[in-house]
Number of protein chains: 2
Amino acid sequence: MTDLKNENAEEKILNAANEIFEKKGYDGAKMQEIADKAGINKALLHYYFRSKDKLFEMIFGLAFKKLAGELEFLFDTDIPVTEKVKIFIDKHTDFIGMNRHLPLFIINEVNRRPEIFVKLLAGIYEKDDHLNMLLKQIDEETKAGILKPFDPRQIFLNMIAMNIFPFAAKPLVKGILNMNEDEFKEFIKERKAIVTEIIINSIVVK
Amino acid sequence: MTDLKNENAEEKILNAANEIFEKKGYDGAKMQEIADKAGINKALLHYYFRSKDKLFEMIFGLAFKKLAGELEFLFDTDIPVTEKVKIFIDKHTDFIGMNRHLPLFIINEVNRRPEIFVKLLAGIYEKDDHLNMLLKQIDEETKAGILKPFDPRQIFLNMIAMNIFPFAAKPLVKGILNMNEDEFKEFIKERKAIVTEIIINSIVVK
DNA sequence: ATACGGTTTAACCAAACAGTTAAATCAAAA
DNA sequence: TTTTGATTTAACTGTTTGGTTAAACCGTAT
């Protein structure tokens with residue numbers, strides 16, 4: 001049972017469900033286990049969320065927003081692109097480090113049931129103009145001779161791939177590279193600078 | 001039912017089980033579905049593989065070897081490191097493209113039950129000398145002024161992260177970047193050159 | 001005091017699922 | 001022709017699981 005802040009039942013359920021769904025996925029998560037972790041009983045669990053599907057849908061939606069929300073600052077400010085990259089990698093790496101299972105959870109569930117993701121896409125494309133602003137900014141900095149021409153989609157993918165992968169595959173990475181927890185932490189700390197340099201190098205004019 | 005090559009029952013089972021375990025994971029896979037896809041019945045399935053666990057263990061071991069086997073050529077030849085990188089990215093991207101679910105399957109199951117992976121690690125470290133040869137080669141090329149000093153672990157992770165991620169998260173990527181199947185294929189084709197350039201740039205002296 | 005909503009208890013149901021069993025079938029080897 | 005091993009059929013067991021139900025409990029606001 002996780003009851004840090006004297007939460008009410010609904011919060012306790014959401015926190016427990018979030019943790020278990022993220023770690024075990026829809027199929028691996030059991031309603032009884034969620035109830036146990038929330039410190040309540042199964043009857044009350046179904047009293048608040050009628051079914052596993054309804055509860056899952058809620059958790060998945062929240063998780064998706066949490067992950068997507070980390071991108072927002074890329075659009076809002078008007079600091080230079082290279083600064084954005086530096087700050088993004090720093091913050092995003094910390095965020096993923098504190099939410100190790102989040103990206104894989106989203107990826108897995110979207111792979112297995114793409115429908116659940118279609119609705120959420122609509123929400124994303126409300127921010128179409130924000131995205132266009134970023135693209136315009138990149139275009140301008142390219143014309144100004146600061147950035148070289150590049151495909152923002154590719155660079156974006158590279159950045160999040162390099163950020164997410166070591167955490168998503170943490171036990172595998174630790175095993176194969178033969179690291180203990182401290183060595184892994186050190187390895188991650190070094191990564192920030194390395195990844196930042198790689199991304200910066202692949203977009204700025206030298 | 002998948003029966004391309006007039007396989008015997010055991011092969012049919014292994015192929016079906018592989019496909020279903022990779023796509024749905026241990027928890028999502030059902031023995032009945034595996035039997036159906038293999039074109040046999042549940043009784044025979046248990047006749048060949050006594051339990052779901054035994055069958056899974058077999059599939060997981062094979063999958064792990066398949067994935068790890070793709071790395072072997074990095075050690076065996078003595079072509080220059082930069083050449084290895086170019087060839088590896090080319091081949092590895094093709095391989096992952098044809099085995100979209102393989103990496104995520106391994107990562108997920110190792111995350112959820114790290115024990116299953118401990119035994120397999122032993123097999124890897126028989127190849128310790130192969131690995132040391134590669135590290136030695138890198139060291140020599142660095143001293144020869146061809147490569148700059150870098151952490152091979154970091155570069156290796158970057159390489160496979162960038163290779164694997166777009167395929168592992170394919171439906172997510174297609175949705176977010178608003179691509180159809182053809183556009184995705186084109187996007188992947190362009191990636192090879194981009195990723196190769198990035199990795200080469202981050203290891204060679206300019 | 002009582003009425004009410006949140007919460008517990010405990011038993012229960014129906015479906016899904018892994019795994020078993022016994023008898024029947026069938027093809028090919030002996 | 002008989003034997004053997006692979007395969008099917010179909011019923012069955014035991015367990016897990018999602019979900020329900022009804023009665024009781026408990027604190028709090030009226």
Side-chain angles (χ1 to χ4, degrees), chain A residues 1-63 105 108-109 112-113 115-116, chain B residues 1-63 105 108-109 112-113 115-116:
Chain A
M1 169 173 159
T2 340
D3 194 349
L4 300 169
K5 301 166 187 172
N6 219 31
E7 314 149 295
N8 59 31
E10 197 174 342
E11 280 169 348
K12 289 195 288 186
I13 292 173
L14 286 174
N15 286 335
N18 183 66
E19 193 172 328
I20 290 183
F21 274 131
E22 274 190 20
K23 258 193 235 166
K24 311 196 169 185
Y26 181 90
D27 293 317
K30 307 299 159 189
M31 292 299 267
Q32 185 61 60
E33 201 187 346
I34 292 174
D36 290 347
K37 171 148 280 177
I40 57 151
N41 51 10
K42 213 174 40 158
L44 194 62
L45 181 54
H46 279 92
Y47 175 80
Y48 275 94
F49 299 89
R50 261 178 303 189
S51 69
K52 189 182 182 182
D53 279 302
K54 291 246 191 298
L55 178 55
F56 175 81
E57 207 175 330
M58 172 106 315
I59 295 298
F60 182 84
L62 291 173
F105 170 60
N108 280 329
E109 301 301 335
R112 275 162 210 177
R113 308 212 305 281
E115 329 82 72
I116 63 173
Chain B
M1 170 173 162
T2 338
D3 193 350
L4 299 169
K5 300 165 187 171
N6 220 26
E7 315 148 298
N8 59 30
E10 197 174 341
E11 280 169 349
K12 288 195 287 184
I13 292 173
L14 285 175
N15 286 336
N18 183 66
E19 192 171 330
I20 290 182
F21 274 130
E22 275 191 19
K23 258 193 237 169
K24 311 197 168 184
Y26 181 89
D27 293 316
K30 308 297 161 189
M31 293 298 268
Q32 185 61 61
E33 200 187 346
I34 292 174
D36 290 346
K37 171 148 282 177
I40 56 151
N41 50 11
K42 214 174 38 156
L44 193 63
L45 181 55
H46 280 92
Y47 176 80
Y48 275 94
F49 299 88
R50 258 176 306 189
S51 68
K52 188 182 181 181
D53 279 301
K54 291 244 191 300
L55 178 55
F56 176 80
E57 208 174 330
M58 173 106 315
I59 294 298
F60 183 83
L62 292 173
F105 169 61
N108 280 329
E109 300 302 335
R112 275 161 211 176
R113 309 212 306 280
E115 330 82 70
I116 64 174

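We name chains A, B, ... by the order of the sequence lines, and we start the count at 1 in each one. Keep in mind that this is a model prediction, so the values were computed, not measured.
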Check your understanding: Would you say a side-chain N or O of B/Tyr48 is under 4.0 Å from OP1 or OP2 of D/dT7?
Key -> yes

**Study point:** Cationic tip of B/Arg112 above B/Tyr26 ring, under 6.0 Å, 45° of axis
**Key:** no

Check your understanding: Does A/Asp27 or B/Tyr47 map to a spot on DNA chain D nearer the 5' end, using the closest nucleotide for each?
Key -> B/Tyr47

Review point. Taking the side chain of B/Ser51 as heavy atoms from C-beta outward, which of D/dT8, C/dG19, C/dT8 is closest to it?
Key: C/dG19

Practice item. Give the nucleotide from the list C/dA18, C/dT8, D/dG19 with an atom nearest to the side chain of B/Lys30. Key: C/dA18

**Study point:** Check: B/Lys42 side chain, C/dG19 base, donor-acceptor under 3.5 Å
**Key:** yes

Review point. If you check the A/Lys52 side chain, which of D/dT8, C/dA18, D/dG18 turns out closest?
Key: D/dG18

Study note, to complete from the structure: Rounded to whole Å, the OH-C1' distance (A/Tyr26 to C/dA16) equals 13 Å

**Study point:** Charged N-O contact under 4.0 Å between A/Glu33 and A/Lys37
**Key:** no

Point to revise | Options C/dA18, C/dT8, C/dT21, nucleotide nearest the side-chain atoms of A/Leu44 | key: C/dT8

Check your understanding: Can you say whether the rings of B/Phe56 and B/Phe105 are parallel (under 30°), tilted (30 to 60°) or perpendicular (over 60°)?
Key -> perpendicular

Exercise for review: Report the distance from atom CG of B/Asn41 to atom P of C/dA18, rounded to the nearest whole Å.
Suggested key: 15 Å

Check your understanding: Heavy atoms under 4.0 Å, any strand shown: does A/Ala35 hit a base, just sugar-phosphate, or nothing?
Key -> nothing

